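Predicted, not measured: the structure shown is a model, and the values here were computed from it.
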Amino acid sequence: MAYWLIKSEPASWSWADQVKAGEKGTNWNGVRNHQAKQNLMAMQIGDKAFFYHSNEGKAIIGIVEIIKPFYPDPTDPTGKFGMVDVRAVKPLKHPVTLEAIKADPRLKDMVLVNNSRLSVQPVADAEWKIICAEGGV
DNA sequence: GCCAACGTTGGC
DNA sequence: GCCAACGTTGGC
């Protein structure tokens, strides 16, 4: 199983919104970046992803699960991009902030630190474990 | 196919 | 609100 990190601005789609979407989850649309698309395409049902609040909060706040693999994004006029469906699994007891991630030398290679603009990122197994421990899950 | 101009993202 | 980093667009 692979691990990922997906980012959202809480003003447009927040963790609370994701939780409200419930078991059926929601489609993760609007990705318009090829690198992010590659990552979306590599996702499989059952993979887990951190839900990160960018701009406001700047913290990993919850965990979601991939419930539908890559399919075309109807909101993309070019038809080139796609999306997956995700559902909320559980919140972190303690959100792990960007500041905390940057302060941890074990997490210095995270994409979040080195390529902060990429909105869909892979997360290494070791990084996943560290952040789960930090987050109390 | 190059590259300047422009738009967007996201941390600060 | 600013601006650096990055991706995309479009003229040549």
Strictly distance-based, threshold 3.5 Å: is any side-chain N or O of A/H53 a donor or acceptor partner for the main-chain N or O of A/K7? no
Just say parallel, tilted or perpendicular for the rings of A/Y3 and A/W128, cut-offs at 30° and 60°. parallel
Ignoring backbone atoms, establish whether A/Y52 has a side-chain N or O less than 4.0 Å from OP1 or OP2 of B/dT9. no
Phosphate oxygens OP1/OP2 of B/dG10: is one of them under 4.0 Å from a side-chain N or O of A/H53? no
Distance check needed: C/dA5 P versus A/N33 CG, whole Å only. 18 Å
Using whole Å, report how far NZ of A/K37 lies from C1' of C/dC6. 19 Å
Candidate nucleotides C/dG7, B/dC12, C/dA5, ranked by approach to the side chain of A/R117 - the nearest: C/dA5
For A/E9 and B/dT9, give me the distance from atom CD to atom P, rounded to whole Å. 7 Å
Rounded distance (Å) that lies between atom C1' of B/dG11 and atom CG of A/L118: 15 Å
Does a side-chain N or O of A/K58 approach OP1 or OP2 of B/dT9 to a distance below 4.0 Å, or not? no
State, yes or no, whether a side-chain contact exists between A/K58 and A/Y52 at a heavy-atom distance under 4.5 Å. yes
Length of the line joining A/Q35:CD and C/dC6:C1', which is rounded to integer Å: 10 Å
Is NZ or CZ of A/K48 both nearer than 6.0 Å to the six-membered ring centre of A/F50 and within 45° of the ring axis? no
